[in-house]
> 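Below is one structure. I have some questions about it.
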Amino acid sequence: MITDARVLQPEFVPNDVKHRSAEVSHLSDTLRPIVEGNRATNSLLYGPSGAGKTCIAQHTIEQLRENVVALNYQYVNCWEDHSRFKTLYRLLDGIENTFDIHRQSTPKDELLERLREYDGPPYVVILDEVDQLQDKSLLYDLYRIPHITMVLIANREEDVFNTLDDRLNSRLGACPRIRFSQYSISELVTILEDRARWGIESDAINTDQLETIADYAAGDARVAIGIFRNAARVARQNGNDRITVDVIDQVVSETKSEIRQKTTDKLTHHQQVLYDTITEAGEIGAGDLYDAYCKVVDEPRTRRTIRNHLSKLEQYNLIVATGNTKARSYSLQS
DNA sequence: GATCCACAGGAATCCTCGGGGT
DNA sequence: ACCCCGAGGATTCCTGTGGATC
């Protein structure tokens, strides 16, 4: 029943993207100078998760590559590579300049120096989840390298600009910002129709069922494609040649927790305990939370460290904090 | 309204770990 | 075998803030 499993994968980037032509053309406008050999402007894509930011960034650059003789590009997820060193390493990796870097104790800004010295074709870098970048001054350093063009991606624009210093704000503050909003149900349906056409046999699913999936996904394309993929997998396991609504109902919660799991997997043990404690309590004040945390963990960290962890969890959109000072309480992100 | 207190978060410093140099 | 160095996490110290209490 499944004819091409690749197109059901979350990281698959289609040649033909739906409902984002305005965003694509805005982004390609900012990048167009590269085609004429000039310096392109940096840009920021922002919007809720599953709105197609990463996909559109990669798609647009792929398109650009077809028009430019030579162009390098690299995708960096700043959550996974959140330190200055790791991000720089990843960027050098994109231009294959890492063969002799094996230690963290390479002289202080040797990596940056190498990026500066790079004299190949224009280099476009996608910095996804850029608000998670530990050392924002890296953006300034990259900004000053002429042949590098940055495409920044974040959920909320204020998460990016609030954390920049004045110097960076005056430079990057003026860059084009492209807003992505949630997909509507019907938009999700057409996206799923494409995937269905490319990935599974033609009569294995119909519009009604795709609508059911889109409904469950609530505007998040990543969730929609995840449900679709799992439903196709379960249907195949059961030996069915069609994806029924029953199967879809069955895989929804599994898929959602799968996606949540991907996020919480990146947490440290201490962050995980905090998250679980909040999950259990529903809503909990800072003092009670710390006490509960200490009971669970062998070697509890200090209050100060826990506050850092909590603000990280908040940045990850896993929890929300409401109220100030004594009235502060933590609960799960809905 | 003055005072107290729990809490947030910035800055400086300490600690630990991994890898290189001698 | 030993020391050294850089990075990043944790801790210590601190200031500011707003709710609670009288």
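Values in this document were obtained by computation on a predicted structure and should not be read as measured data.
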> Would you tell me if any nitrogen or oxygen in the side chain of A:Thr302 comes within less than 4.0 Å of OP1 or OP2 on C:dA10?
no
> Quick one: does any side-chain atom of A:His147 pair with a main-chain N or O of A:Leu115 as donor and acceptor, under 3.5 Å?
yes
> For A:Lys326 and C:dG16, give me the distance from atom NZ to atom C1', rounded to whole Å.
16 Å
> In whole angstrom, give the distance that lies between atom CD of A:Glu314 and atom C1' of B:dA8.
11 Å
> From the options B:dA8, C:dG8, B:dG10, select the nucleotide whose nearest atom is closest to the side chain of A:Phe85.
C:dG8
> Measure from CD on A:Glu299 to P on B:dT16 and round the result to the nearest Å.
11 Å
> If we ignore hydrogens and angles and just use 3.5 Å, is the side chain of A:Gln271 paired with the main-chain N or O of A:Thr268 as donor and acceptor?
yes
> Does the ring of A:Tyr293 carry A:Arg301 above it, NZ/CZ under 6.0 angstrom from centre and within 45° of its axis?
no
> Is it true that atom CD of A:Glu280 has more than 12 heavy atoms of other residues, nucleotides or ligands lying nearer than 6.0 Å?
no
> In whole Å, I'd like the distance from the CZ atom of A:Arg303 to the P atom of B:dG10.
19 Å
> Taking the side chain of A:Ala286 as heavy atoms from C-beta outward, which of C:dG18, B:dA8, C:dT11 is closest to it?
B:dA8
> Assess the residue pair A:Asp81 and A:Tyr89 against the criterion (side chain to side chain donor-acceptor pair (under 3.5 Å)); give the C-alpha distance rounded to whole Å, side-chain angles, the decisive distance to 0.1 Å, and a yes or no.
CA-CA 9 Å; A:Asp81 300 311; A:Tyr89 186 89; over 6 Å; no
> Taking only side-chain nitrogens and oxygens of A:Arg301, does any of them come within less than 4.0 Å of OP1 or OP2 of C:dA10?
yes
> For A:His309, which contact category applies under a 4.0 Å heavy-atom criterion: base, sugar-phosphate, or nothing?
sugar-phosphate
> Which nucleotide wins on minimum distance to the side chain of A:Arg304, given the candidates B:dA8, B:dC5, B:dG10?
B:dG10
> Can you tell me how far C1' of C:dA7 sits from CZ of A:Arg84, to the nearest Å?
12 Å
> A:Leu111 CG to C:dG6 P: how many Å, rounded?
14 Å
> Among C:dG18, C:dT12, C:dG8, which is the nearest nucleotide to the side chain of A:Thr325?
C:dG18
> Between A:Tyr290 (OH) and C:dA10 (P), how many Å, whole number?
12 Å
> If you only use heavy atoms from C-beta on, which nucleotide in B:dG9, C:dT11, B:dC5 is closest to the side chain of A:Arg307?
B:dG9
> Indicate, with a heavy-atom threshold strictly under 4.0 Å, whether A:Ser83 touches base, sugar-phosphate, or nothing.
sugar-phosphate
> Does OP1 or OP2 of B:dC7 have a side-chain N or O of A:Tyr330 closer than 4.0 Å?
no
> Using whole Å, what does the distance between atom P of nucleotide B:dA8 and atom CD1 of A:Ile319 come to?
10 Å
